[in-house]
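Notes to accompany the following structure.
Throughout, protein chains are lettered first and strands after them, A, B, ... in sequence-line order, and every chain is numbered starting at 1. It should be emphasised that the depicted structure is a prediction, and the values quoted were computed from it without experimental measurement.
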Amino acid sequence: MPEASSPPHLESLNPEQRQATEHFEGPLLVLAGAGSGKTRVLTARVCNLIHEQGILPNQILAVTFTNKAAGEMRDRISGLLGREPAGMWIGTFHAVGARLLRRHANHIGWEKSFSIFDADQSLRLVKNVQESVGVDPKQWNPKAIRAEISNAKNDLINPGMFEDNTTGFDLVQKNVARVYPEYQRLLEQQSAFDFDDLLMKPVELLEKNKDLLTRYREQFSFVLVDEYQDTNKAQFRFVELIAGGHGNLMVVGDDDQSIYGWRGADIRNILDFEQAFPGARVVRLEQNYRSTKTILDAANHVIAQNVNRKGKTLLTERIGGEAITLMESLDENDEARWITNDIERRLGGASLSSYRSVAVLYRTNAQARALEDGFRSKRIPYQVVGAVRFYERREIQDVLAYLRLISNPRDQIAFERVVNYPRRGVGLTTLEHLRQWARKQGLSLLEAAEQADQISDLRASGARGLRQFAKLVRDFSIRASQARVGELLKELIEDMGLIRHLCDEGPEGEDRGRNVSELIAGAVDFEAERAVGFEDDVDSFTDLDLFLQVVALDADVDRLDPGADAVTLMTLHNAKGLEFPVVFIAGMEEGLFPLGRAYDEPGALEEERRLFYVGITRAVETLSISWARQRRRAGDFTHNGLSSFMEAVPSNLLEEQKTERAGFLSRANLHGRRPGRYEVRDSYSEAGSEYGMDQDAPRFVQGERVLHETFGSGAIVEVSGFGRDVRVTVDFEEVGRKRLLLRYASLEKDWP
DNA sequence: CCGTCAACAGTTTTT
DNA sequence: CTGTTGACGG
């Protein structure tokens, strides 16, 4: 019960929460079930340390799982304290690592303005290396090689150790052993870190420099780690280094929500915490404040199937709750239709007030497409997390590559990406000559490009292009030390004439142009101190460097707009830590969830089950689960049964449904209620093969307005072919000109 | 050097 | 199905 005399951060905490909050020194493990108020406890304890124990904010390091969580934590602490916790470090492991490396990169051979390579950039480098060391990228999948390197780094295995541990019998290992050292050498040469380096290199830094280690141990007298169940070896070692001395370490996590084993996360970190940090106090938070009893019962039954866990049962004071709907549908389109219908039905009734209360969760990103189509055709607003990220769009990556090169002239991956964008007459041959010459002279590509006339076997046009390009980059590099990133970017785009260039590419270029404009707007609004959360370092780095760092470490969930009134679509992994009044879990089929390959590996099935548990516990009021008898995957059809995970859910919690007259409905949809509707899937045309002759099929003529499920509306420019091979060329308002085979495209006549 | 067309592989989850 | 890669001709 709240006491009148309690400071605000201790109000209305239950006894266990309070115990954790008031813990002062020594190791503390908080086993916090889903929805048990762990974020509250974390923030309240920080406030308690500052407010009651007189600890200074700059003595505290708090690590969260996403940037968004970090921002929220900072805001909540500010709210409770009535002021900013100035000097406190709050961020993800990657952000904290990047910050340490910015400060001390020179100790381990990197420049202070290093680049951060995302998965895409590091994959390019892996490919380059494979070619140069003779590991054929066609035979040895670069993604697989990259994954091996990533795993090694998460396990703190450096190239030397990797080579030593390779027996030579495992061919993949043997190839990785050839690629990894050269890959790492090239990263260093161009002063770049990949994501995994942001975890591994800080460990190396602290292990090699005892004085730095001492300094940070003394600075951070209190360390807090959220989502501890998802830490890997590198992260564990980092925490151990910083907090191992004084042992003032609070970790919060839930072994039942460990879902990143495939990324190197080691569930033993949380299971064995008490061995690693002797004398640890353990507090369990089992009171759930989020979900109805029905939802919680389902979650408890599901997770009880797992063997490898500490064991706890969530309790709630809420009783009853709406039954969990289990919906069987025909295929993924039918599933999408049911979900969207249900959302509309709820919104029509009083049970749902806004779209933002709803989330649709799924196992794989590929499932988003059918769902999106469904939302679009019903005109229900939605936002997708994942799929195509803003920063991964081609035009955005191009612009960012310019910025990276301006910030770090040694960034070879960035150089190669944009040296011929826009076209400057620098092709593969020119680039190859440049590479060789640069290597011989020991210069970076940019330096070599500046002296392009010296290279004998270069064409005049190529050399001119190189010099122009180098000059452009150099000019901006000089400005970058003074200018704000927004101004810099605006001028750069202007100088390149990029927007104009994109618009010339046609309607979809205009779209790209808009994206670039959005990036500029983002850069103009960029406030380094706010975004980095590390105010005391802001002055020592350029605005550009900090902007690039934030962009590189920005997760897609971080961009989720909670203000938008839209349904959220995302993977179950992305849903971790979030909650929604109404949750749908789609694709509940054996083989999809759990994925078929989960049966190959011992621990994988339990991890999938934990993922299901995470999904269930996101729901506050209503949970609906759907599965489809048939689903298109990678081109062809799969037929699946209901997921075996559902066996653990007691049937008295469930209400089973089928899509009404499902079989009939999809046939009826061939023509639909609206005139002119024409929707044929190739599965059906296989049997029929007469669809081109179908007398009822609408005929399209030039100039007619049409509606496409994904491309939107447009006008027909041309109709060609006959029978089943009718092709139409359509100018779409949003996506430009497309040629479509009528048989595949679900085109409707657009009635004004 | 650059645009176009055919062949091809891909789907597990992410900082 | 869809986006990316390789071969070819201008």
What are the atom names and distances for every N/O pair under 3.5 Å that joins the protein to nucleotides 2-4 of chain B?
residue : atom : partner  : partner atom : Å
B/dC2   : OP2  : A/Asn420 : ND2          : 3.1
B/dG3   : OP1  : A/Arg423 : NH1          : 3.4
B/dG3   : OP2  : A/Arg423 : NH1          : 2.6

Legend entry - Letter per nucleotide, 5' to 3', of nucleotides 3-10 of chain C [B base touched, S only sugar-phosphate touched, - untouched; heavy atoms, 4.0 Å]: --SS----
Inset, instruction - State plainly whether the residues A/Glu416 and A/Arg124 are in salt-bridge range, i.e. N to O under 4.0 Å. - result: no
Inset, instruction - Tell me whether A/Trp262 is stacked on the nucleobase of B/dT13, counting only the six-membered base ring and applying the 5.5 Å and 30° thresholds. - result: yes
Inset, instruction - Pick base, sugar-phosphate or nothing for A/Asp194, based on heavy-atom distances below 4.0 Å to the nucleic acid. - result: nothing
Inset, instruction - Find the distance A/Asn365:CG to B/dG10:C1' and express it as a whole number of Å. - result: 14 Å
Inset, instruction - Can you sort out the partners of A/Asp230 under side chain to side chain donor-acceptor pair (under 3.5 Å), two or more places apart, ordered by chain and number? - result: A/Lys576
Legend entry - Distance below 4.0 Å between A/Asn141 side-chain N/O and B/dG10 OP1 or OP2: yes
Legend entry - Distance below 4.0 Å between A/Thr430 side-chain N/O and B/dC1 OP1 or OP2: yes
Inset, instruction - Output yes when at least one side-chain N/O atom of A/Thr571 is less than 4.0 Å from OP1 or OP2 of B/dT12, else no. - result: no
Inset, instruction - Would you tell me if any nitrogen or oxygen in the side chain of A/Asn574 comes within less than 4.0 Å of OP1 or OP2 on B/dT13? - result: no
Legend entry - Euclidean distance, atom CG of residue A/Leu595 to atom P of B/dT13 [Å, nearest integer]: 8 Å
Inset, instruction - Quick one: label A/Tyr260 by what it contacts on the DNA or RNA (base, sugar-phosphate, nothing), any heavy atom closer than 4.0 Å. - result: sugar-phosphate
Legend entry - Mutual orientation of the aromatic rings belonging to A/Trp262 and A/His573 [parallel < 30°, tilted 30-60°, perpendicular > 60°]: perpendicular
Legend entry - A/Asn67 side chain vs A/Gly91 backbone, donor-acceptor pair below 3.5 Å: no
Legend entry - N/O donor-acceptor pair under 3.5 Å between A/Glu335 side chain and A/Gly587 backbone: yes
Inset, instruction - Select one nucleotide: of B/dG10, B/dT14, B/dT11, the one nearest the side-chain heavy atoms of A/Arg597. - result: B/dT11
Inset, instruction - Kindly write out the residues that satisfy salt bridge (Lys or Arg N to Asp or Glu O under 4.0 Å) with A/Asp155, not counting sequence neighbours, or none if the list is empty. - result: none
Inset, instruction - Working to the nearest 0.5 Å, report the span between NZ of A/Lys233 and CE of A/Met200. - result: 10.5 Å
Inset, instruction - Calculate the interatomic distance between A/Lys68 atom NZ and B/dT14 atom C1'; express it in whole Å. - result: 16 Å
Inset, instruction - Give one of base, sugar-phosphate or nothing for A/Thr429, where a contact means two heavy atoms less than 4.0 Å apart. - result: sugar-phosphate
Inset, instruction - Report the nucleotide, chosen from B/dT11, B/dT14, B/dT13, that has the shortest atom-to-atom distance to any side-chain atom of A/Arg263. - result: B/dT14
Legend entry - d(CZ, A/Arg633; P, B/dG10) in whole Å: 15 Å
Inset, instruction - Give the rounded distance in Å between these two atoms: CG of A/Leu553 and C1' of B/dT14. - result: 13 Å
Legend entry - Donor-acceptor contact below 3.5 Å, side chain A/Gln397 vs main chain A/Tyr391: yes
Legend entry - Spacing of A/Phe637 atom CZ relative to B/dT11 atom P, expressed in whole Å: 20 Å
Legend entry - Length of the line joining A/Asn151:CG and B/dT14:C1', which is rounded to integer Å: 13 Å
Inset, instruction - With sequence neighbours left out, write down each residue that passes side chain to side chain donor-acceptor pair (under 3.5 Å) with A/Glu432, or none if nothing qualifies. - result: A/Arg435, A/Gln436
Legend entry - Partner residues of A/Arg633 under the salt bridge (Lys or Arg N to Asp or Glu O under 4.0 Å) criterion, sequence neighbours left out: none
Inset, instruction - Take atom NZ of A/Lys143 and atom C1' of B/dT14, then tell me their distance rounded to the nearest Å. - result: 13 Å
